[in-house]
*Asks:* 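Encoded as structure tokens, here's the structure I'll be asking about.
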Amino acid sequence: MSIKDYISKVREKPEPKRQTLLMVWSSGLTLFIALIWFINFNFLAYNQNLEEAEILAQVEKAAEAGQTEIITKEEKSNWLEFIKRNTAAVVEGFKVLTGQMEK
């Protein structure tokens, strides 16, 4: 069954049933998107913690060796870059979905 067939079947149902289906689908999709964002933020935080632990290990190693200058790779990510990357990924996903739905 294609999406077009499903939509035409839903259009044949009475108004209260359509509203119920609308609420179920929109709630489910919202929950799915929120879950993806939550996992993405947790993954980002986990990677940040790993990077900080790596830098801390380098600092401790340098301190033990008596090194006074520490050179670290400093990449400060800001929220704007993070949002741009995720927005681009979402747009690409919609392009793929749209292409599949037109076939």
*Asks:* Tell me if the CH2 atom of W25 is crowded by more than 12 foreign heavy atoms within 6.0 Å.
*Replies:* no
*Asks:* Which pair of heavy atoms, one from R11 and one from R18, lies closest together, and at what distance?
*Replies:* O-NH1, 3.9 Å
*Asks:* Counting N and O atoms only, with roles assigned by atom type, does the side chain of S27 sit under 3.5 Å from a partner on the main chain of V24, one being a donor and the other an acceptor?
*Replies:* no
*Asks:* To which residues is F38 joined in a hydrophobic cluster, defined by side-chain heavy-atom contacts under 4.5 Å among Ile, Leu, Val, Met, Phe, Trp and Tyr, whether direct or through other members?
*Replies:* none
*Asks:* Would you please name every residue forming a salt bridge (Lys or Arg N to Asp or Glu O under 4.0 Å) with E12, sequence neighbours left out?
*Replies:* none
*Asks:* Supply the atom-to-atom distance I36 CD1 to L31 CG, rounded to the nearest 0.5 angstrom.
*Replies:* 10.0 Å
*Asks:* Let me confirm one number: the OG-CG distance from S26 to L21, rounded to the nearest 0.5 Å.
*Replies:* 10.5 Å
*Asks:* Roughly how far apart are T20 OG1 and E15 CD, rounded to 0.5 Å?
*Replies:* 10.0 Å
